Amino acid sequence: MQRLQERVAVITGAGSGIGLATAHRFAEEGARVVCVDIDETSGAKSAAEVGGLYLKADVTSEEEVAGVYETVFETYGSVDIAFNNAGISPPDDDSILTTGIDAWRRVQEVNLTSVYLCCKHAIPYMRRQGKGSIINVASFVAVMGSATSQISYTASKGGVLAMSRELGVQFAREGVRVNALCPGPVNTPLLQELFAKDPERAQRRLVHVPLGRFAEASEIAAAVAFLASDDSSFITASEFLVDGGISGAYVTPL
């Protein structure tokens, strides 16, 4: 399908995982892809793989985020899609009883403040052209609790969900759609590294997924492409769960 033909799509955290898979999916759908990542090696590689543009940026810096969108508009003349995907889940973000204030703040900056900045600087271009789709990465943990807490991560994703809902309502009649994508556990390098160190921790999570497995990044990318396209033209201010049924389950199949 070519649902995104000639549309300009900006992806943060494009160097790996969901961001990389989405860069490939957007390119397959005909989009002009802009890969934003703080890691020059992975970001540039991602852009090269999809024939896109790489821009280095720290998404917690307002100056750098503003510069990204200025460059994109100057280069292509429009900003049609913003996939605000960059995020972290560091090991020092744990229970509220043990997580230090510096770890808390760092996760909030990368996971929540960056989304605020990207929306703030993408929306004016979209308003000007009277259309645009923003997809912000929240998480299934934004809608349900976990006894294996990563307290700042959970709080940040709850913030992304609430902010996306508000923006989706605020700008709906100006043609700008804003949705929060809520993935379940995804088979990415970050998750593999975390669970390879602790298989018991992985199994404790996997047992709660009705489909019995973690998502593949390409499956999440397919959902992003749907939200970016006109196929989702009547969807805004939504929490779009792609979680293998985990948020709807009480007892899962054996």
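No hydrogens, no waters, no symmetry mates; every other heavy atom, side chains included, goes into these values. From a predicted model like this one, the values you see are computed outputs, not experimental measurements. One-based numbering along the sequence shown.
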(request) Report the C-alpha distance between Asn136 and Leu181 in whole Å, list the side-chain angles of each, state the deciding distance to 0.1 Å, and finish with yes or no for side-chain contact (heavy atoms from CB on, under 4.5 Å). (result) CA-CA 6 Å; Asn136 296 326; Leu181 181 73; over 6 Å; no
(message) Applying side-chain contact (heavy atoms from CB on, under 4.5 Å) to Ser114 and Leu117, what does each step give before you reach the verdict?
(response) CA-CA 5 Å; Ser114 73; Leu117 291 173; 5.6 Å; no
(request) Could you walk me through whether Val34 and Thr71 pass the side-chain contact (heavy atoms from CB on, under 4.5 Å) test, one step at a time? (result) CA-CA 10 Å; Val34 180; Thr71 300; over 6 Å; no
(message) Val160 vs Leu112, test: side-chain contact (heavy atoms from CB on, under 4.5 Å). Steps then yes/no.
(response) CA-CA 6 Å; Val160 169; Leu112 180 56; 3.9 Å; yes
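A distance of 9.0 Å separates OG1 in Thr252 from CG in Leu206, rounded to the nearest 0.5 Å. A distance of 12.0 Å separates OH in Tyr250 from NE2 in His208, rounded to the nearest 0.5 Å. Note: Cys119 SG to Glu166 CD = 12.0 Å, rounded to the nearest 0.5 Å. Rounded to the nearest 0.5 angstrom, Phe140 CZ and Thr154 OG1 are separated by 8.5 Å. With values rounded to the nearest 0.5 angstrom, Lys45 atom NZ is found 7.0 Å from Leu20 atom CG. Rounding to the nearest 0.5 angstrom, the gap separating the CG atom in Asp231 from the CZ atom in Phe226 is 6.5 Å.
When side chains are defined from C-beta on, Arg32 counts as touching Glu6, because their heavy atoms get closer than 4.5 Å. Residues Gln108 and Ser152 form a side-chain contact, since some pair of their non-hydrogen atoms from C-beta on lies under 4.5 Å apart. No side-chain heavy atom of Val50 sits under 4.5 Å from any side-chain heavy atom of Phe26. Inter-residue side-chain proximity for Leu53 and Tyr76 is flagged as met; some heavy-atom pair is nearer than 4.5 Å. Contact check for Asp94 versus Ser149: no side-chain heavy atoms found under the 4.5 Å cut-off. Residues Ile81 and Val10 have side chains not in contact (no heavy-atom distance under 4.5 Å, counting atoms from C-beta outward). Contact of the Tyr54 side chain with the Glu40 side chain is registered, since non-hydrogen atoms from C-beta on lie closer than 4.5 Å. For the pair Thr22/Ile11, a side-chain contact is recorded, criterion being any heavy-atom separation below 4.5 Å from C-beta on.
Using modelled atom types, no side-chain atom of Asn84 and backbone atom of Cys118 make a donor-acceptor pair closer than 3.5 Å. Proximity of a side-chain donor or acceptor of Asn111 to a complementary backbone N or O of Ser156 within less than 3.5 Å is not detected. Side-chain atoms of Ser46 never come within 3.5 Å of backbone atoms of Gly43 as a donor-acceptor pair (strictly under, hydrogens ignored). Judged by distance alone, with hydrogens and angles left aside, the side-chain atoms of Lys157 form no donor-acceptor pair with the main-chain N or O of Val143 at under 3.5 Å. Proximity of a side-chain donor or acceptor of Ser139 to a complementary backbone N or O of Cys182 within less than 3.5 Å is not detected. Although no hydrogens or angles enter the test, the distance criterion places no donor-acceptor pair under 3.5 Å between the side chain of Asp92 and the main chain of Gly100. Although no hydrogens or angles enter the test, the distance criterion places a donor-acceptor pair under 3.5 Å between the side chain of Glu29 and the main chain of Arg3. Counting only distance, with no hydrogens or angles, the side chain of Glu64 and the backbone of Asp58 share a donor-acceptor pair below 3.5 Å. Arg25 places no side-chain N or O within donor-acceptor distance of the main-chain N or O of Ala223, the cut-off being under 3.5 Å.
The heavy-atom pair separating Pro210 from Ala249 by the smallest distance is CG-CB, 3.7 Å. When all heavy atoms of Ser78 and Val72 are compared, the pair lying nearest together is O-CG1, 3.8 Å. Shortest non-hydrogen contact noted between Gln150 and Ser89 is NE2-OG, 2.8 Å. Closest of all the heavy-atom pairs between Arg127 and Val176 is N-CG2, 4.0 Å. Counting all heavy atoms, side chain and backbone alike, Gly87 lies closest to Val110 at CA-CG1, 3.9 Å.
With salt bridges taken as basic N to acidic carboxylate O contacts below 4.0 Å, one links Glu62 and Lys120. Remark: Lys56 does not engage Asp37 in a salt bridge, criterion side-chain N to carboxylate O under 4.0 Å. Salt bridge annotation for Glu219-Arg213: present, with a cationic side-chain nitrogen under 4.0 angstrom from a carboxylate oxygen. In summary, Glu109 and Arg105 do not engage in a salt bridge, as defined by a charged side-chain N under 4.0 Å from a carboxylate O. In summary, Asp230 and Arg7 engage in a salt bridge, as defined by a charged side-chain N under 4.0 Å from a carboxylate O.
Other residues, nucleotides and ligands place more than 12 heavy atoms under 6.0 Å from the CD1 atom of Ile235. Atom CZ of Arg128 is surrounded by more than 12 heavy atoms from other residues, nucleotides or ligands within 6.0 Å. Within a 6.0 Å sphere centred on NZ of Lys131, other residues, nucleotides and ligands contribute more than 12 heavy atoms. Remark: Glu63 CD is loosely packed, at most 12 non-hydrogen atoms of other residues, nucleotides or ligands lying under 6.0 Å away.
There is no side-chain donor-acceptor pair under 3.5 Å between Thr12 and Asn85. Inspection of the Gln129 and Asp80 side chains reveals an N or O donor paired with an N or O acceptor under 3.5 Å. With 3.5 Å as the limit, one finds a donor-acceptor pair spanning the side chains of Glu216 and Asn187.
When hydrophobic clusters are built by joining Ile, Leu, Val, Met, Phe, Trp and Tyr residues whose side-chain heavy atoms come closer than 4.5 Å, directly or via intermediates, Tyr125 is grouped together with Ile134. By the criterion of side-chain heavy atoms lying less than 4.5 angstrom apart, applied directly or through intervening Ile, Leu, Val, Met, Phe, Trp or Tyr residues, Leu167 is grouped together with Tyr69 in one hydrophobic cluster. At a threshold of 4.5 Å between side-chain heavy atoms, the hydrophobic network of Ile, Leu, Val, Met, Phe, Trp and Tyr places Ile135 and Val68 in two separate groups. Linking Ile, Leu, Val, Met, Phe, Trp and Tyr whenever their side-chain heavy atoms come within less than 4.5 Å leaves Val178 and Phe240 in two separate clusters. Hydrophobic clustering, with ILVMFWY side chains joined whenever heavy atoms are under 4.5 angstrom apart, keeps Val79 apart from Phe83.
For the side-chain contact (heavy atoms from CB on, under 4.5 Å) with Val186, the qualifying choice from Ile18, Asp243, Val242 is Ile18, the only one to do so. Partner of Asn179 under the side chain to side chain donor-acceptor pair (under 3.5 Å) criterion, out of Ser232, Ser238, Ser133, Ser164: Ser238 alone.
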